[in-house]
K.L.:
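My questions all concern the structure below.
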Amino acid sequence: MSVAVYREGRLLGLAEEPRGYLDLLVEVDSIPAQARPGQFVMLRAWPGDDPFLPRPFDIAQADPARSTLRMFVKIEGRGTALLRELKPGAPLQLAGPLGRPIADLDCSSLALLARGVGAAAVTFLAAEALKRGLRVYSFLSASSAERLVCRKLLEEASTSLAVATDDGSAGYHGSALDLVEQLLTGSPVERIYSCGSRRFARYVKELDCSGKVKGFVFLEGFMACGLGDCHGCAVKRERGEGYFLVCQDGPVLRAGEVVLE
Amino acid sequence: MIDLSVTIAGVRLANPVLPASGTYEFSAAHQGFFSPAELGAVINKTIFQEPRPGNPPPRICETPCGMLNAIGIPGEGVEAFIAEKLPLLRRLGPPVIVSIAGNTLEEFCELAGKITATGMADLLELDLSCPNLRDGIPWATDEGDLRRVVSRVAAATSLPVIAKLSPAVSDIAAMGVAAEQAGARALSLVNTFRGMAIDIEARRPVLGNVTGGLSGPAIRPLAVYAVYATYSRVKIPIIGIGGVSSWRDAVEFLLAGASAVAVGTGNFVNPLAMREVIRGLEGYLRDGGFASVREIVGLAQEGGR
């Protein structure tokens, strides 16, 4: 069981690569050693009350020896725009690791489907699974070559990586799901995870419900705290009444158990 | 040694800092932050008679220096609360405030009776003012309703009753007086302010519930005023709530007349906020030459009390 802490970290490196996405390297104690795949941090790195809330970010790499976290962030709002302006050495406030880790990897093969910045979260999972001797088939999708995030890291962490772009500017020209279909007809895969795309999530849910492959989705939600206190990040349960909380029950949930809006 | 203790309706709090209902629930996720035993009091997320799923998402929305929420108070219902959560709350150490809300007067009284019978609560807070409930018509915006619910509950329980009031009234002090006359032993001032945000691309409200409650530093001056305006009109203690995230904010409420302060949304931004408020407050008192936190309560009032 990992124990979350609240710490001030330090920005070691920041690159906008590819354009519109930030590659962050943060030095912080305790969190890298505690973090497990599936977990995230709440991060804030600006003075004052505006923007007010910390932002949840997936962990792409945790290096306990160097005490660093690597994260990929899509620049899409005021908080992320402020992150882009940070200089190395800047202080950041982090709470984490948060969320339910993917503790059980009791299988021999995984397929990971990621689109855009969703690649960050599956990279951490891929690395852990590969280390444990699982076969890891990763699929990275983007609208075009210049929006492929985290490609090199994911490739290093996978048995194989297939790339697909909507415009054909890199890898397969078309949907990554075509490639996944090919894999599934050839070699059996026990589990499939998706992150960063609703279309992929729906596909994984179909697979999960069909009973062919166990399907899981990395979910996101508006959350204020990441701790289960604010109850903001609610996702409707497929069965019965009520909601899961992304921060507490997830962010990774069994695809068949959630309503994907 | 600075004396941080305060007394709210006969219950001694080791310090005047507590969480606002629904913003801090000690769980495994909090274990690495600080011990809840350090708090002045602990409180549950408001409990209803029946289980509630809460509102459809999106439930929260960030706003300038604050946030809107329309969570809808999801909960397990009072039976499960008494069986599971209340004993955990009791074991944390500090005095336990149980926050309750009912859809009807009868429900309020029944809940009060059930909580009282457990012997595990020290204070009972009536959530009379959640802007996301009862079509947004809270008990605390109608003086007659307020008097009725407070007096009926006060008669149904041996626990001291705290009335949590709404800021959505023209004279908050008058509502405080009404609650006091009806039997409230303390006031919580204030609940969130009803507001909304509109998604200009989708051209519809951001929140699934359309409207929500505004909290955070954005409302602090409004909440400080509510405390200041009410303090001189009532004899019962006030718990100040609204945008407290640092010890400076807490001091402001105390000087305005609050005997204690609750940290709400501030817990989301900094999970150590309450501990930092307690320590910072102690430093402020020491630097100012005060022996007890009680010496600064209401000090900013004209002529003091």
Side-chain angles (χ1 to χ4, degrees), chain A residues 1-8 29-31 34 39-40 42-44 46 48-56 77-79 93-101 219-237 240-249 259 261, chain B residues 19-34 45 51-76 206-208 212 214-220 243 245-246 249 264-273 275-276:
Chain A
M1 187 64 200
S2 56
V3 177
V5 294
Y6 182 69
R7 291 282 189 274
E8 181 160 294
D29 72 14
S30 180
I31 300 176
Q34 298 282 337
Q39 294 189 293
F40 64 98
M42 295 298 285
L43 185 154
R44 209 171 179 279
W46 47 88
D49 293 326
D50 198 27
F52 184 52
L53 299 171
R55 278 37 176 163
R78 293 173 55 224
Q93 290 76 44
L94 296 101
L98 302 171
R100 189 186 291 259
L219 295 171
E220 51 181 12
F222 297 109
M223 59 180 80
C225 68
L227 303 168
D229 286 325
C230 78
H231 291 253
C233 54
V235 174
K236 211 162 177 36
R237 290 174 189 265
E241 215 189 359
Y243 299 87
F244 290 111
L245 293 183
V246 170
C247 71
Q248 199 171 53
D249 304 309
V259 174
E261 311 259 356
Chain B
S21 174
T23 65
Y24 172 84
E25 186 166 24
F26 188 72
S27 70
H30 296 78
Q31 273 168 11
F33 298 138
F34 67 93
K45 188 170 178 69
R52 299 164 55 87
N55 286 331
R59 289 176 166 185
I60 62 173
C61 166
E62 187 178 53
T63 60
C65 301
M67 64 178 276
L68 286 161
N69 88 77
I71 306 299
I73 317 190
E76 66 275 41
V206 172
L207 295 171
L214 181 66
S215 64
I219 71 164
R220 192 166 61 236
S245 45
S246 76
D249 310 333
T265 313
N267 292 318
F268 300 159
V269 177
N270 173 3
L272 302 182
R275 167 192 268 181
E276 291 175 6

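Hydrogens, waters and symmetry mates play no part in the numbers below; they use all other heavy atoms, side chains included. What you are looking at is a predicted structure, and each value in this text was computed from that prediction instead of being measured. In what follows, chains carry the letters A, B, and so on, assigned in the order in which the sequence lines appear, proteins first and then strands, with residues in each chain numbered from 1.
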K.L.:
Of the listed residues (B:Asn267, B:Asn270, B:Thr23, B:Leu272), which shares the most heavy-atom pairs with chain A below a 4.5 Å separation?
P.N.:
B:Asn270
K.L.:
Would you mind checking which part of A:Ala234 comes under 4.5 Å of any heavy atom in chain B, side chain (CB onward), backbone (N, CA, C, O), both or neither?
P.N.:
both
K.L.:
Of the backbone (N, CA, C, O) and the side chain (C-beta and beyond), which part of B:Pro56 lies under 4.5 Å from a heavy atom of chain A, both, or neither?
P.N.:
both
K.L.:
In terms of the angle between their ring planes, are B:Tyr24 and B:His30 parallel, tilted or perpendicular, with boundaries placed at 30° and 60°?
P.N.:
perpendicular
K.L.:
So does A:Tyr6 have more than 12 non-hydrogen atoms from other groups sitting under 6.0 Å from OH?
P.N.:
yes
K.L.:
Could you check whether any side-chain N or O of B:Glu62 sits under 3.5 Å from a backbone N or O of A:Phe52, counting only pairs where one atom can act as donor and the other as acceptor?
P.N.:
yes
K.L.:
Check each atom of B:Ser27 against the heavy atoms of chain A and say whether the ones under 4.5 Å are side chain, backbone, both or neither.
P.N.:
side chain
K.L.:
What part of A:Arg55 gets within 4.5 angstrom of chain B, counting heavy atoms only: side chain, backbone, both, or neither?
P.N.:
side chain
K.L.:
Counting heavy-atom pairs under 4.5 Å to chain B, which of A:Cys225, A:Gly226, A:Gly242 comes out on top?
P.N.:
A:Cys225
K.L.:
Taking A:Arg44 for the side chain and A:Gly79 for the main chain, is one N or O donor matched with an acceptor at less than 3.5 Å?
P.N.:
no
K.L.:
Hey, does the side chain of A:Asp49 reach the backbone of B:Pro217 with a donor-acceptor pair shorter than 3.5 angstrom?
P.N.:
no
